[in-house]
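Order of the sequence lines sets the chain letters (A, B, ...), proteins ahead of strands, with each chain counted from 1.
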Protein chains: 2
Amino acid sequence: MKDPTQRKADKVATAIEAQIISGVRKPGARLDERALATEFNVSRTPVREAIRKLAATGLVTDKGRRGAVVRHLTVSGLLDAFLVVSELEGIAARLAARRMTPDEKTGAEAANLCCQRAAHDGDIAAFNVANMAFHDQIIAGCHNTLLQDQLTTSRVITFPYRHYVTQFPGYMLKSVGEHAAVLDAIRARDGAGAGQLMCDHVNLQGEQIVDVVHLLEQQSQKGSQP
Amino acid sequence: MKDPTQRKADKVATAIEAQIISGVRKPGARLDERALATEFNVSRTPVREAIRKLAATGLVTDKGRRGAVVRHLTVSGLLDAFLVVSELEGIAARLAARRMTPDEKTGAEAANLCCQRAAHDGDIAAFNVANMAFHDQIIAGCHNTLLQDQLTTSRVITFPYRHYVTQFPGYMLKSVGEHAAVLDAIRARDGAGAGQLMCDHVNLQGEQIVDVVHLLEQQSQKGSQP
DNA sequence: TTATCTATTTTTGTATACCAAATTTTCGCG
DNA sequence: CGCGAAAATTTGGTATACAAAAATAGATAA
C-alpha cells in the first residue's frame, strides 16, 4: 500500500512544517512561493499545494493575494488552542483507558521512563522527544482515527510556541509524576480519572507557555514604543 | 478586508464540498481532475488545489496516483466521528453558557423556534436548515476560534450521511425539546449542564445515523452476493 | 522634512502545454 | 473464461506565460 505522502507536495509540506515547528520560520514570517520552490528544488506547483495543505491544518495563514505567513497566535489564540488540546487529550486518555492494547501500555510506560531519565539528567532535548512519544502513544491508544487527526492538527499549532518554555525549573520532573498518575488510572481502567488527569496535565503545560508568551508580548510592546 | 475565498481554487472547493454534502457526489465516488475542471470552467490547477484542500479537511480521501474519492466512512468511522463531534459540541456549549452574548442567545432561541415550527409543519428541509443554524449559533457562542474550526471540519465529514435519516418519526420534535433544555442550561449559566445535554443530544443524532448506515451496509452486503 | 500620490517591480492566481510514471482498460491469446 | 501484454487514461510534476493585485520605490507637493 503506497503512501500518498510520496508526493513532492507532501514532502515540501512536512519540510515546511518541520521548519516552523523547529523555529526556523517564526510566526508571521512570509512564505514566498518562488523562494520555497528554489529551496526545495521543485516547481511552484507542489509548493502551492503544500501551502494550501498547511493552511487547511491551520499552521499557516492564507492571506489571499497577499501571500501566506506562518500563523501567529495571540495570547487569546494560544489559550483557545490549549483549551482544545487539553480537552481532546483528555478524551483520548479516557478512551485509551478502555482501549489500549498491552503493547501500547508498555510503550507508554517505556516512554515515561525515558522522560524520567531525561529529567534526571536534565537533558531537555531528550525529554522533549520522550514526552512527545508518551503523548503520541496515549493518543494512538484511543483508537479513534478522527480524534487522532484532530489532535495532531491542534497540537501542531501549539508546537512553535513550545520553544519559549523548553527549560523551566522543575517542569520535567513534575511532568513525569503527572504522566505516572495518568498511567496508573489507565492501568486501573479508570477512564474518567485518566481523562481528567491528562486534561489537567496538558492545561498546566499550556498555562506555562501562555505565561511566557504573554510576557514576551508585553516586552515587545514596550520595546516598540520607547 | 478581502476574503481568500475569492480564489477559484476555494470556490471550486466549496462547490465540490456542497455537492458532496448534498449527496450529488456519494462516498467512494471518484473526483476526476479534468472532468471537474471542465464542469467548473477552470483549468486543472485550481481543481488540484481544491482537492488537496478537501483532502486536508478529510472530506476527500487522497489515494495517491490512483486519484481522489469522496471519503467513505465505515460504521466504526462514523462512530469515531460522532464521538468527536458530540464531545466537541459539548465543550462548545459549556463555553457558550459562559461566553454567549445576549444577541447570540437570542439568535439560538430564534433558531430553535424555527426548528419547532418546521417540526410542527413536518417540513424536513426547513428543519435541517434551522437545526444547522441552531448548532452554528451555539458553536459561534463559544468564542474559541480553534474549537470552531475543529468542529466545522469534524461535522462536515458526517454531513454526507445525514441524508439517510432526514425523516425519522418523532425525531424533529424530540430535538426541539433537547435544544430547549440546552438553552435553559445556558440561560442558567450552567456550563457543565449545557455541555452534557448538548453532548447527549448530538450522540442521539449520531446513533440514529449509525443505525441506518449499519442497516444499509448489511443490505448492500447481502445484495452483492446473491 | 514629511506626507502623499504615482510609477515600477514583485508576487500571486490561473491557464496551457508537455512529459514521465503509474494505473486502468482493452484486447488478444491460450 | 481467465491471463497477460499493449494501449489509453490519469495523475504528479515542470516550465512558461500573463493578468491582476500588492508591495516598493520614487517623485512631487505641502
Side-chain angles (χ1 to χ4, degrees), chain A residues 1-17 19-20 25-72 224-226, chain B residues 1-17 19-20 25-72 224-226:
Chain A
M1 175 172 149
K2 282 197 181 170
D3 201 343
T5 308
Q6 288 287 123
R7 274 183 307 211
K8 292 195 180 180
D10 290 292
K11 286 186 193 169
V12 171
T14 45
I16 297 176
E17 182 181 309
Q19 290 182 336
I20 294 174
R25 297 185 188 277
K26 289 174 188 169
R30 185 162 183 172
L31 297 172
D32 185 301
E33 293 182 1
R34 218 166 299 187
L36 288 166
T38 308
E39 178 177 343
F40 294 112
N41 266 7
V42 295
S43 73
R44 272 177 67 202
T45 312
V47 170
R48 290 178 55 94
E49 292 180 1
I51 290 178
R52 295 290 172 281
K53 185 180 173 183
L54 294 173
T57 66
L59 198 63
V60 155
T61 303
D62 197 332
K63 303 171 78 173
R65 273 194 212 270
R66 280 179 302 170
V69 298
V70 179
R71 182 165 197 171
H72 174 70
S224 64
Q225 47 176 222
Chain B
M1 171 172 146
K2 283 197 180 169
D3 201 343
T5 309
Q6 288 288 124
R7 274 182 307 210
K8 292 194 180 180
D10 289 293
K11 286 185 191 169
V12 170
T14 46
I16 296 175
E17 182 180 308
Q19 290 182 336
I20 294 175
R25 296 186 189 277
K26 289 174 188 168
R30 184 161 182 171
L31 298 172
D32 186 300
E33 292 182 0
R34 218 165 299 192
L36 288 166
T38 309
E39 178 177 344
F40 295 112
N41 267 0
V42 296
S43 73
R44 272 178 68 203
T45 313
V47 171
R48 295 185 50 162
E49 291 182 4
I51 290 179
R52 295 289 173 283
K53 184 181 174 181
L54 294 173
T57 67
L59 198 62
V60 155
T61 303
D62 199 329
K63 301 170 78 175
R65 280 224 163 80
R66 280 180 302 171
V69 298
V70 179
R71 184 167 196 171
H72 174 70
S224 64
Q225 45 177 224

Q.
What's Ile51(B) touching, base or sugar-phosphate or nothing? Going by heavy atoms closer than 4.0 Å.
A.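 The residue Ile51(B) makes no contact with any strand.
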Measure [atom1]/[X] against [atom2]/[N] and give the value in whole Å, please.
{"X": "Arg7(A)", "N": "dT10(D)", "atom1": "CZ", "atom2": "P", "result": "18 Å"}
{"X": "Lys63(A)", "N": "dT11(C)", "atom1": "NZ", "atom2": "P", "result": "15 Å"}
{"X": "Asp62(B)", "N": "dG12(D)", "atom1": "CG", "atom2": "C1'", "result": "11 Å"}
{"X": "Lys11(A)", "N": "dG12(D)", "atom1": "NZ", "atom2": "C1'", "result": "12 Å"}
{"X": "Glu49(B)", "N": "dG13(D)", "atom1": "CD", "atom2": "P", "result": "13 Å"}
{"X": "Arg30(B)", "N": "dT10(D)", "atom1": "CZ", "atom2": "P", "result": "7 Å"}

Picking from [options], which would you name as closest to the side chain of [X]?
{"X": "Arg66(A)", "options": "dG13(C), dT10(D), dA23(D)", "value": "dA23(D)"}
{"X": "Asp32(B)", "options": "dT14(C), dT10(D), dG13(D)", "value": "dT10(D)"}
{"X": "Glu33(B)", "options": "dG12(D), dG13(D), dA23(D)", "value": "dG12(D)"}
{"X": "Arg48(A)", "options": "dT14(C), dG12(D), dT24(C)", "value": "dT14(C)"}
{"X": "Arg52(B)", "options": "dA15(D), dA15(C), dG12(D)", "value": "dG12(D)"}

Is there side-chain contact between [X] and [Y], with at least one heavy-atom pair below 4.5 Å?
{"X": "Val60(B)", "Y": "Leu31(B)", "result": "yes"}
{"X": "Arg25(A)", "Y": "Ile20(A)", "result": "yes"}
{"X": "Arg7(B)", "Y": "Asp62(A)", "result": "yes"}
{"X": "Lys26(A)", "Y": "Val70(A)", "result": "no"}

Q: Begin with the C-alpha distance, continue with both residues' side-chain angles, and end with the deciding distance and a verdict on side-chain contact (heavy atoms from CB on, under 4.5 Å) for Val12(A) and Val42(A).
A: CA-CA 9 Å; Val12(A) 171; Val42(A) 295; 4.2 Å; yes
Could you list all N or O pairs between the protein and nucleotides 16-19 of chain D that sit under 3.5 Å apart?
none

**Q.** Thr61(A)/His72(A) under side-chain contact (heavy atoms from CB on, under 4.5 Å): CA gap, chis, key distance, verdict
**A.** CA-CA 8 Å; Thr61(A) 303; His72(A) 174 70; over 6 Å; no
Q | From NZ (Lys53(A)) to CG (Leu59(A)), nearest 0.5 Å | A |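 Interatomic distance, Lys53(A) NZ to Leu59(A) CG, rounded to 0.5 Å: 11.5 Å.
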